[in-house]
Amino acid sequence: MRIVVVGSNGQLGSDIVRAFQDKGDEVLPLTHADLEIADAEPVVRKLREFEPGIIVNTAAMHNVEACESQPDRAFAVNALGVRNLALAARDLGTVLMHVSTDYVFDGSKSGPYDEQDLPNPLSVYGNSKLAGEYFVRSIAEKHFVLRTSAIYGKNPCRAKGGLNFIQLMLKLANQRGEVHVVDDEFVTPTPTNDLARQMVALSRCDSYGLYHATSEGSCSWFEFAREIFELTNTKAVLKIAAPNEFPAKVPRPKNSVLENRGLKLLGLNTFRPWQEGLCDYLGIPQSLKTALMQ
Ligand SMILES: NC(=O)c1ccc[n+]([C@@H]2O[C@H](COP(=O)([O-])OP(=O)(O)OC[C@H]3O[C@@H](n4cnc5c(N)ncnc54)[C@H](OP(=O)(O)O)[C@@H]3O)[C@@H](O)[C@H]2O)c1
């Protein structure tokens, strides 16, 4: 199959390129320098040249604070840029696989969100990504929209300055010896290579639609940090951050936990418990991993 990956040098995009190549697919990786999705004409031209079977889009403006201060640009990329891809996919008769976010929800639900739950974004970022989802779903007949949460990978997240949460925690622990982390925001840490493998698996079917796509289980950021320190035997003091110790400039959902209901109904959910993905990321040997998971 011929696959175009937009945002191919990003944290997630790099793993998606690798995952499709590992399956023998021919991949055209497109970086921001190759393609600006907010410009309609080059999008169509570039994509038509390659005649892909699937267009995968990871490109987004997803620094939440930047989106809040530049709403025009956030919508130009996350909504209208995605619309350009959806129009191109429709005209070429191609599948569009698009990555969206847990931030389409307001976080007020007490349990995990599934695909039937009503979005209610709290921020410009969340609103612009939701608008992008709607463009995909209403324009591109053959589409997959995958909402994910708290992703991390071996490749740096370009929009967030390069360090993922795990690297940041370990850096702070080494520098300060004491680390404070919030315990009132719940997520599901999801490795980008697991998500990429899930996307490849889904790409082989034609059950188009909206899917939640995260690791299994959930934790607060504090619990995530505690697991990182335990697995790496890091001796830093870890404390729950005091209320307002890290005042949020932009509101974020307190509960970002997603349930992969659609993938499970299809029998295609390939995700593992989040702790297992973390062990692999940290290079924990299989024997120790098995013992820890029991
Ligand atoms: N990070 C998270 O925790 C998280 C959680 C939920 C959902 N998501 C979603 O996951 C996706 C991938 O995130 P990531 O962490 O892999 O991000 P990333 O490392 O910042 O990668 C994004 C890629 O998109 C490119 N890009 C940005 N704006 C573009 C534009 N206007 N036209 C073309 N390319 C553009 C970037 O290039 P430049 O850097 O050169 O601009 C980069 O290659 C995003 O859609 C995001 O909304 C992320």
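Numbering of residues begins at 1 and proceeds along the displayed sequence. Indexing begins at 1, ligand by ligand and atom by atom, following the structure's order.
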For S256, give me all partners under side chain to side chain donor-acceptor pair (under 3.5 Å), at least two apart in sequence or on another chain.
D102
Please determine whether a side-chain nitrogen of the Lys or Arg among E26 and R2 lies less than 4.0 Å from a carboxylate oxygen of the Asp or Glu.
yes
Check this for me, if you would: do R204 and D25 make a salt bridge, where the nitrogen-to-carboxylate-oxygen distance has to be below 4.0 angstrom?
yes
Can K109 be said to sit on top of Y113's aromatic six-ring, NZ or CZ under 6.0 Å from centre and within 45° of the ring axis?
yes
Please confirm whether R147 makes a cation-pi placement over Y211, using NZ or CZ under 6.0 Å from the six-membered ring centre and within 45° of the ring normal.
no
Look at the aromatic rings of Y125 and H62 and report parallel, tilted or perpendicular, splitting at 30° and 60°.
tilted
Protein neighbours of ligand 1 with a heavy atom under 4.0 Å, given by chain and number, are G7, N9, G10, Q11, L12, H32, L35, E36, I37, T58, A59, A60, H62, R73, V77, V99, S100, T101, D102, Y125, K129, T148, A150, I151, P156, C157, R158, A159, K160
